[in-house]
Amino acid sequence: MEQKVILKMHGISKFYPGVVALNKVDLTVYEGEVHALLGENGAGKSTLIKVLSGAVRNDEGTIELDGKTFEHMTPLGARECGVEVIYQEYNLIPGLTVAENVCLGSQMHGIVDMKQQIVKTQEIFDRYNIHLDPKALVGSLPPAKQQLVEITKAISKDPKIIVMDEPTAQLTMAEVENLYKIIAALKAKGTAIIFISHRMEELFAVTDRVTVMRDGQYIDTVNTAETDRDSLITLMVGRELKSGEPRKSYATDEVVLKVENVSGYVNENCSFELKKGEILGVAGLVGAGRTELMRVIFGADKKLSGKVSVNGKEVDIKRPEDAIRCGIGLIPEDRKMQGCFLNQTIEWNISMGNIRSLTTGNLIDNKKIADAAEKYKDMLNIKTPSVQQLVRNLSGGNQQKVVLAKVLLADTDIIIFDEPTRGIDVGARAEIYALMDQLAGSGKSLIMVSSDMEELLAMSDRVIVLAEGKITGELKREEFSQERILDMASVE
């Protein structure tokens with residue numbers, strides 16, 4: 001039986017000053033299929049989706065939705081045609097309840113009926129096995145639960161097409177498995193799903209076909225069952241990436257950071273050491289307290305008790321400025337909210353945190369600032385026509401590189417990477433790994449918090465494991481195994 005085409009985007013182009021974001025891109029999606037959209041950061045995936053949703057106006061091409069052809073789409077037109085998009089950046093109102101957010105924009109007999117909203121939301125939760133309280137305030141929920149609210153909100157509109165942009169980035173393993181079941185149920189009722197993810201195992205688990213983009217252009221569409229990981233990566237990056245080679249260890253016996261019985265509001269009596277040239281992995285399940293421990297060490301959250309020593313000397317870190325003076329840098333998990341200023345330029349973001357080093361006498365040296373920005377733009381391969389570009393206009397991976405540039409410019413000897421490759425494609429991921437390896441080889445010491453088991457096992461010299469705010473174990477490289485880490489991360 002021939003499949004029905006629900007969406008056909010033909011010759012879509014989008015131009016910005018100095019940038020071709022999309023160049024005659026094609027995308028065809030069938031009713032009831034899960035269609036992956038794959039490409040490196042900056043490939044044009046997000047722009048293409050924004051054209052579909054009406055958030056961005058295309059300069060060329062046409063959009064055919066359920067048999068109707070449009071030169072341009074509007075947000076209202078997209079919704080009337082049954083398109084719902086779940087973006088990486090949540091579109092929720094923190095001060096409203098879960099049910100109010102789910103039903104926002106729906107016509108419910110012309111009036112707001114709180115009881116009806118709760119009933120409708122609970123029905124969706126029951127149907128798709130989602131465990132949330134419809135009455136809870138969205139602002140009180142952790143990111144993983146907010147992601148489930150976004151998914152529920154999209155489902156509640158009974159759409160013909162749902163776009164899921166990195167839907168599992170914040171979810172636990174159990175929640176990911178349940179999302180797969182939700183996708184299967186939607187597919188069975190004929191809903192088309194456009195699925196964007198940088199996790200290859202997810203693509204092979206849930207998708208039927210994959211469209212690959214590179215540098216704003218359409219590359220190819222393949223059946224998922226007829227391809228493999230290496231073939232997709234080659235299509236994405238235009239070159240083969242070597243993988244599976246164990247990295248050399250540069251760790252010495254010299255202790256550069258010693259954490260003794262440190263407690264915060266989430267963590268209790270945490271102790272560990274970091275050695276010069278070492279990459280120390282930090283593992284644990286969602287809610288284990290990994291990020292919170294790093295924030296205490298960096299001075300972003302209050303330390304209630306315990307000692308922190310740098311190069312054998314106890315230090316009193318009460319705020320991030322103290323940590324930076326002690327040679328500690330942090331690349332936070334939430335880069336958009338905590339790592340950079342989206343409405344400022346690349347140059348401004350890289351330089352402003354280190355402005356004292358970019359002065360001549362008592363005056364800010366604009367040439368030093370410009371030279372520093374250009375240096376790190378080239379070093380980190382930040383894809384942009386100019387360092388005067390606003391950070392908000394960069395892809396997620398390139399935004400992360402800006403945050404990394406800021407930390408590198410401060411010349412810190414201890415760098416904390418919190419989820420360094422979350423939302424990053426395989427090409428940029430390889431670049432980040434190579435840079436981390438280079439930093440360790442140059443004598444820097446790295447702490448890497450990661451939920452990616454493959455990443456932990458490949459990059460770490462040692463791994464410490466947290467559960468419920470406490471360190472529950474430590475493994476040397478020769479002791480590494482996924483099973484042992486998960487065992488230590490799980491509590492009775």
Side-chain angles (χ1 to χ4, degrees), residues 16-19 40-42 215 237 239 247 250 256 276-277 279 298 320-321 323-332 335-336 338-418 420-421 423-425 427-448 459:
Y16 293 104
V19 178
E40 294 187 90
N41 287 313
D215 297 328
V237 301
R239 64 190 188 279
R247 61 171 291 273
Y250 299 101
V256 295
K276 185 173 183 178
I279 299 180
F298 188 64
E321 298 96 308
I324 293 169
R325 279 196 292 270
C326 292
I328 302 174
L330 170 67
I331 300 172
R335 297 167 192 92
K336 294 194 176 191
Q338 300 172 357
C340 56
F341 292 86
L342 298 179
N343 291 320
Q344 296 290 345
T345 66
I346 296 169
E347 181 183 271
W348 191 95
N349 271 275
I350 291 175
S351 61
M352 282 304 106
N354 306 282
I355 200 65
R356 291 181 183 176
S357 67
L358 300 171
T359 58
T360 299
N362 293 321
L363 299 175
I364 294 174
D365 191 324
N366 290 325
K367 186 176 186 305
K368 283 186 178 180
I369 290 174
D371 289 346
E374 288 291 341
K375 172 186 173 181
Y376 287 104
K377 167 183 168 287
D378 294 339
M379 178 190 295
L380 301 179
N381 191 27
I382 299 173
K383 295 178 181 177
T384 176
S386 167
V387 293
Q388 300 305 321
Q389 180 80 263
L390 297 181
V391 171
R392 73 182 182 203
N393 294 332
L394 300 179
S395 67
N398 285 301
Q399 289 176 354
Q400 179 181 353
K401 290 179 182 180
V402 171
V403 182
L404 178 55
K406 181 174 64 175
V407 173
L408 293 179
L409 180 60
D411 197 27
T412 51
D413 291 321
I414 298 166
I415 305 175
I416 302 169
F417 288 80
D418 195 351
T421 62
I424 299 273
D425 61 75
R429 181 177 292 215
E431 292 177 4
I432 294 294
Y433 291 160
L435 180 63
M436 292 173 70
D437 191 66
Q438 180 183 338
L439 290 170
S442 69
K444 306 283 188 185
S445 303
L446 281 57
I447 299 176
M448 180 183 70
M459 292 300 297

When rounded to the nearest 0.5 angstrom, what is the spacing between [atom1] in [X] and [atom2] in [Y]?
X: Ile447; Y: Ile414; atom1: CD1; atom2: CD1; result: 7.0 Å
X: Leu330; Y: Lys406; atom1: CG; atom2: NZ; result: 9.5 Å
X: Ile382; Y: Gln389; atom1: CD1; atom2: CD; result: 11.5 Å
X: Glu374; Y: Met379; atom1: CD; atom2: CE; result: 12.5 Å
X: Leu380; Y: Ile432; atom1: CG; atom2: CD1; result: 7.0 Å
X: Cys326; Y: Glu321; atom1: SG; atom2: CD; result: 11.5 Å

To check you understand the geometry: which heavy-atom pair defines the closest contact between [X] and [Y], and what is its length?
X: Phe298; Y: Ile328; result: CE1-O, 3.4 Å
X: Ser445; Y: Gly277; result: OG-N, 3.3 Å
X: Ile369; Y: Ser351; result: CG2-OG, 3.6 Å
X: Asn349; Y: Val391; result: ND2-CG2, 3.2 Å
X: Ile279; Y: Met448; result: CG2-CB, 4.3 Å
X: Arg392; Y: Asn343; result: NH1-OD1, 2.7 Å

Indicate yes or no: at least one non-hydrogen side-chain atom of [X] is less than 4.5 angstrom from one of [Y].
X: Val256; Y: Asp413; answer: no
X: Leu408; Y: Ile415; answer: yes
X: Pro420; Y: Leu404; answer: no

Determine whether a donor-acceptor pair (N or O, by modelled atom type, separation under 3.5 Å) exists between the side chain of Lys383 and the backbone of Asn398. no

Point to revise | Main-chain N/O of Val387 paired to Thr384 side chain as donor or acceptor, under 3.5 Å | key: no

Side chains of residues 435-442: which donor-acceptor pairs under 3.5 Å do they make with residues two or more places apart or in other chains?
from, atom 1, to, atom 2, distance (Å)
Asp437, OD1, Arg247, NE, 2.9
Asp437, OD1, Arg247, NH2, 3.3
Ser442, OG, Leu439, O, 2.7

Check against side chain to side chain contact (heavy atoms under 4.5 Å, CB included), Asn381 and Glu431: CA-CA 9 Å; Asn381 191 27; Glu431 292 177 4; 3.3 Å; yes

- Query: Around atom NZ of Lys276, are there more than 12 heavy atoms of other residues, nucleotides or ligands at under 6.0 Å?
  - Reply: no

